[in-house]
> 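Have a look at the structure that comes next, please.
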Amino acid sequence: MYSIKMYGVKAEDRPFAERWAKKHQVKLAMTTDVINEDTIDDARGFDGVTTLQVTDIPQETYARFHAMGIKQIAQRSAGYDMYDLAEATKNHIIISNVPSYSPESIAEYALNLVRRVPQIQQRVAAHNFTWQTPIRGRVIGKMTIAVLGTGRIGAHAARLFHGIGAKVIGFDRHQNPALAGIVTYVDSIEEAVEQADLVSLHMPANDANHHLFDANMFQHFKRGAYLVNTARGSLIDTQALLNALTQGQLAGAGLDVYEHEGPIVPLDLQGQPLADELFKQLLASDRVIYSPHVAYYTDEAVANLIEGGLDATLDVILHGDTANRVNDLA
């Protein structure tokens, strides 16, 4: 019987993992710990590893796993910027992700934003029940939506926006032929945002697009447009975003991610002061909907992430590779 070490397991994950283990006749050893300097050796003796990391993997992990005979790490999310892919490849470690899960939540997120939910909630809390322009919403089906990144999640988001009547334009270095008749591709990100009433980000994080959405990029947005980021926090220069919101260049932002979220998410900080002044400004804005990296968070998504990570782990154990590999083979 094969055995898999499963890091970063929450209580709600266990039923899905146990169901998968029974179906595939695999032994699972689950821990709430993530991979860090103190837990690397916990994988010794196992055939494979899966984890849900939000912080960087320690650099020595790859060499130490290789020495143990571990051939892969399956990340249970779409994002994988917490891995050094070159170092993993150098040490013959396959890194995989779960590229798509519960994409419907992205459209729901956008709907809350354009219907001015933050402003409405703020007024209701103050017992202001009047109807006035600041809370008057818009109709997504009448908008032009820019979907930036049209891989699996971006493609689902594009189909959903198209299905409710919106005009969808897109940008991706590799155009998705499955979106013919749904997405009209343009030649640059600037061209996309100049046309869009709402911009939805579905791009990975890397050195090339760090703070891609900075003060200069926000000047390309239509005045009064919206920005939704359910991808990676580092895509946005947060201070530049706050300035664009204050100046009215943007009407609102829906953020499920924040560039400095590592020390904050997913922790319970009730009753504790927040040290991050930039984050405090973000939370104080009535033009921002913020959630702690949970836009995906549904029953279906949790099951998809658990099963997707375990499937990829077993693929490598049995076949030496997985379709969800994100780094080069050594």
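As the structure is a computational prediction, the values presented were derived from the model and not from experiment.
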> Among pairs that include at least one residue of residues 207-230, which meet salt bridge (Lys or Arg N to Asp or Glu O under 4.0 Å), considering only residues two or more places apart or in two chains?
D197-K222

> With sequence neighbours left out, write down each residue that passes side-chain contact (heavy atoms from CB on, under 4.5 Å) with Q119, or none if nothing qualifies.
R116, I135, D286, R287

> Compare every heavy atom of L113 with every heavy atom of G254, then report the nearest pair and how far apart it is.
N-CD2, 3.5 Å

> So, does D47 use its side chain to make a donor-acceptor pair with the main chain of S3 at under 3.5 Å?
yes

> Which pairs pass side chain to side chain donor-acceptor pair (under 3.5 Å) with one or both residues in residues 79-88, sequence neighbours excluded?
Q59-D84, Q75-Y83, D81-R232, E87-N91

> Using only atom types and a distance under 3.5 Å, with no angle test, would you say the side chain of T89 pairs donor to acceptor with the backbone of D328?
yes

> Quick one: which residue pairs count as a salt bridge (Lys or Arg N to Asp or Glu O under 4.0 Å) with a foot in residues 23-32, not counting sequence neighbours?
none

> Test of understanding: with side-chain contact (heavy atoms from CB on, under 4.5 Å), list the residues that count as partners of E60, not counting sequence neighbours.
E37, I40, P58, R64

> Test of understanding: with side-chain contact (heavy atoms from CB on, under 4.5 Å), list the residues that count as partners of L274, not counting sequence neighbours.
L269, F279, K280, L283

> Atom NE2 of H211 and atom CG of N216: how far apart are they, to the nearest 0.5 Å?
14.5 Å

> Please give the remaining members of the hydrophobic cluster of W131, linking ILVMFWY side chains under 4.5 Å, ordered by chain and number.
none

> So, using side chain to side chain donor-acceptor pair (under 3.5 Å) as the criterion, who are the partners of Q281 when residues are at least two apart?
none

> With sequence neighbours left out, what residues match I94 under side-chain contact (heavy atoms from CB on, under 4.5 Å)?
Q72, V316, D321, T322, R325, N327, L329

> Give a yes or no on whether the ring-centroid distance for H260 and Y258 is below 6.0 angstrom.
yes

> Using modelled atom types only, decide if a donor and an acceptor are shared between the side chain of T39 and the backbone of N36 within a distance under 3.5 Å.
yes

> Would you list the pairs meeting salt bridge (Lys or Arg N to Asp or Glu O under 4.0 Å) in which at least one residue belongs to residues 167-180, sequence neighbours left out?
none

> Does anything in residues 31-67 form a ring-ring contact (aromatic ring centres under 6.0 Å, His included)? List the pairs, not counting sequence neighbours.
H66-H92

> Looking at side-chain heavy atoms only, is the closest gap between L305 and L52 below 4.5 Å?
no

> In chain order, what residues pass the side chain to side chain donor-acceptor pair (under 3.5 Å) check against H24, with sequence neighbours excluded?
W20

> Considering residues, nucleotides and ligands other than Y290, do more than 12 of their heavy atoms fall under 6.0 Å from its OH?
yes

